[in-house]
Q: 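What follows is a single structure, and I will ask about it in a moment.
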There are 2 protein chains.
Amino acid sequence: MSLTPVRGAATIEEVAARAGVSRSTVSRVVNGSTAVSPSALESVRRAIEELQYVPNRAARSLASRQTRAIALVIPEDTDRFFGDPFFGSIVAGISQVIGESDYVMNMLIATDDASAKALGYLRGGSVDGAIVASHHTSDTFVDRLADTVPVIFGGRPARVRPADHYVDVDNVQGGRDATRYLVDRGHRRIATVAGPSDMPAGIDRLQGFRDVLAEAGLEPVAVEDGDFTEAGGADAMRRILASGDLPEALFVASDLMARGAYTALREQGHEPGRDIAIIGFDDSAVATSLVPALTTVRQPSRDQGRQMATMLLDVLAGRATANTAILPTEIIERGSA
Amino acid sequence: MSLTPVRGAATIEEVAARAGVSRSTVSRVVNGSTAVSPSALESVRRAIEELQYVPNRAARSLASRQTRAIALVIPEDTDRFFGDPFFGSIVAGISQVIGESDYVMNMLIATDDASAKALGYLRGGSVDGAIVASHHTSDTFVDRLADTVPVIFGGRPARVRPADHYVDVDNVQGGRDATRYLVDRGHRRIATVAGPSDMPAGIDRLQGFRDVLAEAGLEPVAVEDGDFTEAGGADAMRRILASGDLPEALFVASDLMARGAYTALREQGHEPGRDIAIIGFDDSAVATSLVPALTTVRQPSRDQGRQMATMLLDVLAGRATANTAILPTEIIERGSA
DNA sequence: CTGAAAGCGCTAACAC
DNA sequence: GTGTTAGCGCTTTCAG
C-alpha cells in the first residue's frame with residue numbers, strides 16, 4: 001500500500017510525456033477544463049496517478065497570479081486568542097469552509113508576527129484575500145490591508161467604509177435582549193461588565209444595555225470594562241462590589257468575563273444565580289462549565305466563521321455576494337438568571 | 001461588485017531600472033549578500049523604498065526551490081485544539097520564533113482540512129518543513145509526511161525512528177513527581193485520571209504514576225481515562241466516585257481534566273482540596289482559575305514551542321542541532337494538594 | 001480539441 | 001563587484 005514518496009516531485013512535463021500529450025493538455029485536465037477529449041483525459045489521469053503528480057504551487061501562482069491561499073489575521077496576542085473559546089468557534093467555522101475548498105489558510109497572529117512583517121507578507125502577493133477575525137479601532141494596519149486584497153471582517157469594522165465586507169452578529173439586539181430579560185424578571189438595580197470600548201462588539205452590546213435600561217426608566221448601577229478576558233471580568237466585578245452594595249442583576253458581555261465575575265463574587269461570599277442574577281454573552285463552552293450554568297445570549301460564532309469564509313470565497317471567485325450579513329442572537333436560559 | 005483591484009506591485013526589474021543597476025544586484029541586496037558596493041547598495045535601497053518593493057513570493061520560491069513557509073500541523077479537531085490552553089502555549093512559542101524569522105507559518109488543523117488534502121498540500125512543495133503539535137498513534141499520515149520534508153514532533157512520536165526530531169517534556173518524571181508529592185504527604189489511597197492511551201503524553205504520565213506507587217508498595221485505587229478534555233475528566237471522576245468511596249488523593253494528567261474533576265466532585269458534595277487532594281499537570285491558566293487553585297506539574301509548553309521552532313529553523317538552515325530535547329517539569333504548589 | 005510559444009518574477013551560475 | 005544568461009514549473013493566448 002505504500003506509494004512511492006515524491007522526493008523529486010514529478011513535473012507537468014513528465015506527466016505530459018507519459019500520457020503522450022502536451023503540457024497544455026495536462027494543465028487543462030488538472031484545472032478541470034472541459035475541452036479535453038475523453039481519451040486524453042483518461043491517459044492524463046492515469047499518468048498523474050502513476051507519477052503521484054502534485055502541481056507545484058509556486059509555479060502555479062507565478063503563472064496564474066493567484067495563490068490559492070487566504071490569510072486569517074488575528075489582531076490579538078496569542079494568550080487572548082487562545083484564552084477565549086469565541087475565537088475557537090470562529091476559526092472552526094472558517095477552517096471548515098476553507099478546508100472544503102482548494103484554498104489553504106495562513107494564520108497570522110498579528111501581534112506576534114510583528115505587524116509590519118505581517119503586512120508585508122500580505123501585500124507581497126502571498127495571499128488572494130484575508131479574513132480579519134476581530135478588530136480594534138487602533139488596528140490601522142488592517143485598513144491598509146484592505147487596499148491590497150479583498151478582506152472580510154469579523155464584526156463590524158471600527159470605521160465602516162462603503163465597500164467593506166463583514167459578517168457580524170446583532171450585538172445591539174443581543175445586548176437589548178439580555179437586559180430586557182433581566183428587567184422582565186423584576187430586577188431594577190442592574191450593572192454590566194462591558195467589553196472594551198475600542199471594539200465594536202463591546203460598544204454595541206453596551207449600547208443595547210443602555211437603551212433598554214433607559215426605556216425602562218432605569219439607571220445602570222455600574223458599568224465596568226472587563227476587556228473580554230477572564231481576569232478583566234473578575235477585576236471589573238471587584239470594582240463593582242467595591243462600591244459597597246451588590247446589584248440585583250448583572251449583564252456580562254462575554255461568557256469568559258462571566259467566569260471571572262463568578263470568582264470575584266465568591267471571594268466576597270456572594271453566590272452567583274442566588275444572590276445576583278447573571279446573564280452572559282457567547283454561549284461558549286464556558287457557559288456550561290460554570291456552576292450554576294450561565295444563562296447567556298447565544299451568538300452563532302461558528303456559523304459566523306463559515307459565512308465569512310464563504311463570503312471571501314465568493315468574492316475571490318467573482319460571484320455575487322452581499323457585502324454584509326448580520327446574524328441573530330438568542331437567549332439560552334440556564335441557572336444563573 | 002468589485003473590490004479594490006490588486007495594485008500592480010513593483011518588480012525587481014523596475015527597482016533595478018530605477019537604481020541604475022541590474023536585476024542581480026538588486027537580488028543581492030534583497031538577499032543580504034555582502035558583495036555589493038556601498039553606492040549600489042544605497043541606490044538600490046532607495047529604489048526599494050520609493051517603489052515599496054516587496055519580492056514576489058511565488059517567483060522567489062520557484063527560482064530558489066524554497067518556500068520560506070513552514071506548516072504547523074495539528075492532528076486534532078478544532079474543538080479540542082481550542083479547548084485546551086496547552087495548545088495555546090505551544091503555538092504561542094512556535095509563533096514567536098517563526099515570527100522573528102522570515103518564515104511564515106501555515107496552520108493545518110488536520111481533521112478539518114481532510115487530511116488527504118493536508119498531506120497533498122504538504123507534499124506539493126508548499127512548505128519547507130513542518131511541526132506536528134501532538135501525535136496520536138493512529139495518525140499514520142504524519143509518518144508519511146516525514147518522508148517528504150523535515151518534521152519536528154511535539155512530544156515523543158508514537159513510534160520513534162532514529163532520524164526523528166522531537167521536543168518533549170519529561171512526562172514520566174512529571175508523573176513520578178506528582179505521585180511522589182501525594183505519597184510524601186501521607187496519602188495512601190490514590191487514584192488517577194489519565195490521558196488517552198493512544199498518546200505518548202498520556203502513556204508516560206501514567207507510567208510515572210504507576211512506578212512511584214509500586215515503589216511505595218501501593219496499588220492505584222482507580223485509573224480512568226479522561227481523554228485530555230474537561231468533559232472526559234468529569235466523566236472519569238464520576239466513574240471513580242461510582243465505585244463507592246472517595247480516594248484520599250488524585251493525580252489528574254492535565255489541568256483541563258482537573259477542572260472537570262472538580263465539577264464531578266462537587267456534584268457529589270465533595271470539596272476539592274479539603275476532602276481530596278488533587279494535583280494536575282500543565283500549569284495552564286486553568287490551574288489558577290480554579291478554586292482552590294490547582295497544585296500542578298508545570299510543563300514549559302511555551303518553551304517547548306520555541307524549541308521546536310528553533311530546531312526546525314536549524315534543520316532548514318543546515319545548522320547542527322540535537323535531534324531531541326527533553327524539557328524538565330516542576331511542581332507548583334497551590335491550594336488543592 | 002490540442003500543441004507551440006511566450007512569459008510570470010526571481011535566483012544562481014558564470015563570465016567579465 | 002556587476003551584468004548576462006538560463007531556467008524554476010506552470011498557465012495562457014493563439015494558431016491550427
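This one's a predicted model, so the numbers in the text were calculated from it and none came from an experiment. Chain identifiers are assigned alphabetically (A, B, ...) following the order of the sequence lines, protein sequences preceding nucleic acid strands; residue numbering begins at 1 within each chain.
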Q: For the pair B/E42 and B/R46, find out whether any cationic side-chain nitrogen is under 4.0 Å from an anionic carboxylate oxygen.
A: yes
Q: Atom CZ of B/R23 and atom P of D/dT2: how far apart are they, to the nearest Å?
A: 17 Å
Q: So if I take every side-chain heavy atom of B/A35 and compare against C/dT2, D/dT12, D/dT2, which nucleotide ends up nearest?
A: D/dT2
Q: Rounded off to whole Å, could you give me the OH-to-P distance for the B/Y53 and C/dC10 pair?
A: 3 Å
Q: Are OP1 or OP2 of D/dG1 and a side-chain N or O of B/S37 less than 4.0 angstrom apart?
A: no
Q: Is B/R65 close enough to D/dC8 that one of its side-chain N or O atoms is under 4.0 Å from OP1 or OP2 there?
A: no
Q: Please check the phosphate of C/dG3 (OP1 and OP2 only) for any side-chain N or O of A/S22 closer than 4.0 Å.
A: yes
Q: Should B/N56 be listed as having a side-chain N or O under 4.0 Å from OP1 or OP2 of C/dC8?
A: no
Q: When the distance from CD of B/E14 to P of C/dC8 is rounded to whole Å, what number comes out?
A: 11 Å
Q: Passes ring-ring contact (aromatic ring centres under 6.0 Å, His included), B/F86 versus B/F81? Steps please.
A: CA-CA 9 Å; B/F86 161 75; B/F81 177 57; 9.8 Å; no
Q: Map B/T25 and B/A63 onto DNA chain D by nearest heavy atom, then report which one ends up closer to the 5' terminus.
A: B/T25
Q: Just how far, in rounded Å, is C1' of C/dT11 from CD1 of B/I12?
A: 8 Å
Q: With DNA chain C as reference, determine whether A/A59 or B/R28 sits nearer its 5' end, using the nearest nucleotide of each.
A: A/A59
Q: Take the protein atom CG of B/L51 and the nucleotide atom P of C/dC10, then report the distance between them rounded to whole Å.
A: 11 Å
Q: Categorize B/V30 for me: base, sugar-phosphate, or nothing, with a 4.0 angstrom heavy-atom threshold over every strand shown.
A: nothing
Q: Measure from CZ on A/R57 to C1' on C/dG9 and round the result to the nearest Å.
A: 18 Å
Q: Run the side-chain hydrogen bond (donor to acceptor under 3.5 Å, both in side chains) test on A/T310 and A/D314 for me, step by step, so that the C-alpha distance in whole Å, both residues' side-chain angles and the decisive distance to 0.1 Å come before the verdict.
A: CA-CA 6 Å; A/T310 304; A/D314 283 344; over 6 Å; no
Q: Could you check how far CD of A/E13 sits from C1' of C/dA5, rounded to whole Å?
A: 13 Å
Q: Answer yes when A/D79 and B/R302 have at least one side-chain N-carboxylate O distance shorter than 4.0 Å, and no when they do not.
A: yes
Q: Does a side-chain N-to-carboxylate-O contact under 4.0 Å join A/E14 and A/R18?
A: no
Q: Closer than 4.0 Å, any side-chain N/O of A/S27 to the OP1 or OP2 of D/dT11?
A: yes
Q: So what does A/A40 hit on the nucleic acid, given a heavy-atom distance under 4.0 Å: a base, only sugar-phosphate, or nothing?
A: sugar-phosphate
Q: Any side-chain N or O of B/T11 under 4.0 Å from OP1/OP2 of C/dC8?
A: no
Q: Rounding to a whole Å, what distance do you find between B/L62:CG and D/dC8:C1'?
A: 4 Å
Q: Any side-chain N or O of A/S24 less than 4.0 Å from the OP1 or OP2 oxygen of D/dT12?
A: no
